[in-house]
K.L.:
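Handing you this structure, nothing more for now.
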Protein chains: 2
Amino acid sequence: MCICKYSISIAKNSGFCFGVKRAIKITLEAAEQYKKIQTIGPLIHNPQMVEKLKANGVNYVSSIDNVKSDSTVIIRSHGITKGAYKDLSDKKVKIIDATCPYVAKTQQFCKELSENGFQVVILGDRNHPEVVALESFVKSKAIIVSSAEELPHANYKKLGIISQTTQTFDKFSDLANKAIAMAKEVHVVNTICNATDIRQQCTLKLAEKSDIMIVIGGKNSSNTKMLAKISSSVVCTHHIETSDELDMKWFEGNHKIGITAGASTPDWIILDIYNKIIERLCGRNLQVADIEEIPGYKEE
Amino acid sequence: MCICKYSISIAKNSGFCFGVKRAIKITLEAAEQYKKIQTIGPLIHNPQMVEKLKANGVNYVSSIDNVKSDSTVIIRSHGITKGAYKDLSDKKVKIIDATCPYVAKTQQFCKELSENGFQVVILGDRNHPEVVALESFVKSKAIIVSSAEELPHANYKKLGIISQTTQTFDKFSDLANKAIAMAKEVHVVNTICNATDIRQQCTLKLAEKSDIMIVIGGKNSSNTKMLAKISSSVVCTHHIETSDELDMKWFEGNHKIGITAGASTPDWIILDIYNKIIERLCGRNLQVADIEEIPGYKEE
C-alpha cells in the first residue's frame, strides 16, 4: 500500500507454495547457525534461488554418498525415503527435516494404511522424489499409477488410495471411483495440495478489485499463463518475467494495482517489481525487506 | 438328478438369500428346543412362510413391549437397534440372535467408523428395520440418504460410507464419488449383499447347460422376471408360480431340465415343483425332505 493516489497489493499465496517457502526459510535460518549446509537435491528448480542459497553457503548433493560427515543436511520439501533417512542417521550428520508437513502427513497415511492391511495405491509420477519417498513408507509393495487406467484389474479386499500432492483432483477422483468398483473396502485420502487452486482464487479475488494486474512468471510457465488468463478475464492484465518489462504508461488512470506470481517465482522477484512500481509512480522505494511485511500479503 | 433319461437340477442360490435361510433354520431349530418362540417382526414377508412358522409355534411381535417374559426371542436377519437389544436383555428373556452375518458386519463398521471420527453416511431406506438398527450403532448422528443427491453439501473432514445390504452398486458408487469430492478422507465399505447378482449368475450358468428352464416366483416379482429374462436369452424358459401351471408337453425332447426361483420363493415351493416334475416324468417321487440334499444344490 502506498500513501499517494496509487494502491499496490500482492495477491495472497503468490509465488512458491507453502512447503517450498517453509523449506527455504528453514534452510536460510540454518545457514546463519551452521556451516557446510547440504540439501539432498536442489530445494527448488529455480536457478536464481539455487544461486542465492549457494551465496549463503548452501549446496546440494544428488546422492547421500556425497554428504560430508561434518555437514548439516537439510531434507527438502519432497521428503526422502526411510532408507535414505537411516543412511543419513548412520553418518551421524546433523539432520534438519524440512519435509513439507502435507507430504509428511501423506507418508504417515502410507505407513498406517499398509499396517492396517490396505493395498496402498499412489497416484503420481513413479520417478518423482516425493513418490519415491512415499513408496518407502508402505509396508508391503505399493501400486503406483499415473492414471486410473493403470490400476490392475483384480478383486482387492482393502485398497488405500493416496496421491502425490501435485496431481489433479479429476485424475484422483477417477482412480478412487475405479477402486470402489474393485474392492470391498476402500480408504481414500485426498492428499492433493490445493496451493494451485488457492493461488488462482486469490489472483481472481485481487483482480476483481484492481484497475490493472501484473502477473509475474515464466512466459512458458503453464501455471503462470493460467493466472494471466484468469486475471485478464476480469481486468486489464500484463504478464511479465522481470521489472525490465514494466511500462509506466500502463498505470495512467489505473490507480489500484494488483500483483500476482506463478509457482516458480521467488519472493525477491515479486518484491523487486513491487518496489520498482512504487519507486517510479511515487518517487520512492519502500525498502521492504520481506514480502510478508507488505500489508495484505499473508500466507492463508 | 433322476436316474431315467431326464436330469433335473436346481440352480444354486435359488430362492431366499443366505441371511433369511439362516434365520429360518435357526428359528425352526429353536422351535424344536423351546416353547413360546417370538420373533421381532416377521422373519420374511411371505404369508406361507409366516403360516408355516406359526404351525411350528413361532409367532411374531411388532414391538418389544409385546414380548412375553417366559418366551424365547429370535432376532431376525435385519437385526435390531442397540436400545432394543438392551430392552430385551432387561426382560431377561432368552435371546437367539439370527442377525444376518453380513448385516452384523455392517453394524460393526458403523460402530468402528464413528468411533474413529468418521461422519457415517448410510445409503438406504431410513424406515427399513435394517437401516434403523444400523443407525443405532453410529456413535454420533448418522446421515441417511436414499441417493447421492441427498448428501448435504459441506466440507467434511472424514466421511464413512456404508450401505443397506439391498441397495444397488450404481447408487452406492454415485454416493461414494460425491463424498470423495466433499471430504479430505473417505472410508468406503461396500456392504451391499451380492445375493441378487449371484442368483442371476447361477441361473444363467444352469440355463446354459439346460434344454429347458423353469423359473419360479410371483408373476409381478421384478427379481423373478429378471431371472426369466436372463434364462430366456439362452434357452426356452417358463415362468410359473406353482406346480399347477406345469405342462408336461414342455419337456418332450427336453431332457436337461433346470429350475431357479426368485428371492421370495420358499424352498418347499421349489421342492414341490421339483418333485412334481420327477413324479410325472419318471413316475416316482424322490421324497426329498431338504432342498440342500438335492445334488448340485448347495449354498455358495
Side-chain angles (χ1 to χ4, degrees), chain A residues 101-123 148 151 154-165 167-195 197-198 201 300, chain B residues 101-123 148 151 154-165 167-195 197-198 201 300:
Chain A
Y102 300 138
V103 173
K105 216 167 174 179
T106 309
Q107 292 172 345
Q108 196 58 25
F109 278 121
C110 283
K111 184 175 173 286
E112 287 173 10
L113 285 169
S114 56
E115 279 175 357
N116 289 317
F118 286 84
Q119 166 63 60
V120 173
V121 181
I122 304 171
L123 175 69
L151 179 63
N155 281 325
Y156 300 99
K157 206 178 157 207
K158 293 165 85 176
L159 284 177
I161 313 294
I162 63 118
S163 177
Q164 184 181 353
T165 50
Q167 294 288 313
T168 65
F169 178 73
D170 283 351
K171 283 175 89 174
F172 184 69
S173 171
D174 283 351
L175 174 62
N177 298 349
K178 195 171 176 192
I180 289 162
M182 285 191 195
K184 277 302 255 185
E185 202 173 338
V186 183
H187 194 114
V188 183
V189 193
N190 181 350
T191 52
I192 296 169
C193 177
N194 51 9
D197 276 354
I198 290 179
Q201 285 165 24
E300 285 211 312
Chain B
Y102 300 139
V103 173
K105 216 166 173 181
T106 309
Q107 291 173 346
Q108 195 58 26
F109 278 121
C110 282
K111 184 175 174 285
E112 287 173 9
L113 285 169
S114 56
E115 280 174 357
N116 288 317
F118 286 83
Q119 167 63 60
V120 173
V121 181
I122 303 171
L123 175 69
L151 179 63
N155 280 325
Y156 301 99
K157 205 178 158 204
K158 293 165 86 177
L159 283 178
I161 313 293
I162 63 119
S163 177
Q164 184 181 353
T165 49
Q167 294 288 310
T168 65
F169 179 73
D170 283 351
K171 282 175 90 173
F172 184 68
S173 170
D174 283 351
L175 174 62
N177 297 350
K178 195 170 175 193
I180 289 162
M182 284 190 195
K184 276 302 253 187
E185 202 172 340
V186 183
H187 194 114
V188 183
V189 193
N190 182 349
T191 52
I192 296 170
C193 177
N194 50 9
D197 276 354
I198 290 179
Q201 286 164 23
E300 286 212 310

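Naming: A, B, ... by sequence-line order, numbering from 1 per chain. From a predicted model like this one, the values you see are computed outputs, not experimental measurements.
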K.L.:
Of the backbone (N, CA, C, O) and the side chain (C-beta and beyond), which part of A:Ala179 lies under 4.5 Å from a heavy atom of chain B, both, or neither?
P.N.:
neither
K.L.:
I'd like to check the side chain to side chain donor-acceptor pair (under 3.5 Å) partners of B:Thr191; sequence neighbours left out, ordered by chain and number.
P.N.:
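Scan of B:Thr191 (side chain to side chain donor-acceptor pair (under 3.5 Å), adjacent residues dropped) gives none.
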K.L.:
Among A:Val189, A:Asn177, A:Ile162, A:Leu159, which has the most heavy-atom pairs under 4.5 Å with chain B?
P.N.:
A:Asn177
K.L.:
Sequence neighbours left out, what passes side-chain contact (heavy atoms from CB on, under 4.5 Å) with A:Asp174? Give chain and number order.
P.N.:
A:Ala148
K.L.:
May I have the step-by-step check of side chain to side chain contact (heavy atoms under 4.5 Å, CB included) for B:Ile180 and A:Ile161, ending in yes or no?
P.N.:
CA-CA 11 Å; B:Ile180 289 162; A:Ile161 313 294; over 6 Å; no
K.L.:
In residues 101-122 of chain A, which residues are in contact with chain B at a heavy-atom separation under 4.5 Å?
P.N.:
A:Phe109, A:Phe118
K.L.:
Taking only residues at least two apart or on different chains, which pairs with a member in residues 175-193 of chain A satisfy salt bridge (Lys or Arg N to Asp or Glu O under 4.0 Å)?
P.N.:
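For residues 175-193 of chain A, and leaving out neighbouring residues, there are no salt bridge (Lys or Arg N to Asp or Glu O under 4.0 Å) pairs at all.
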K.L.:
Given that the side chain runs from C-beta out, which part of A:Ile192 has a heavy atom under 4.5 Å from chain B: side chain, backbone, both or neither?
P.N.:
backbone
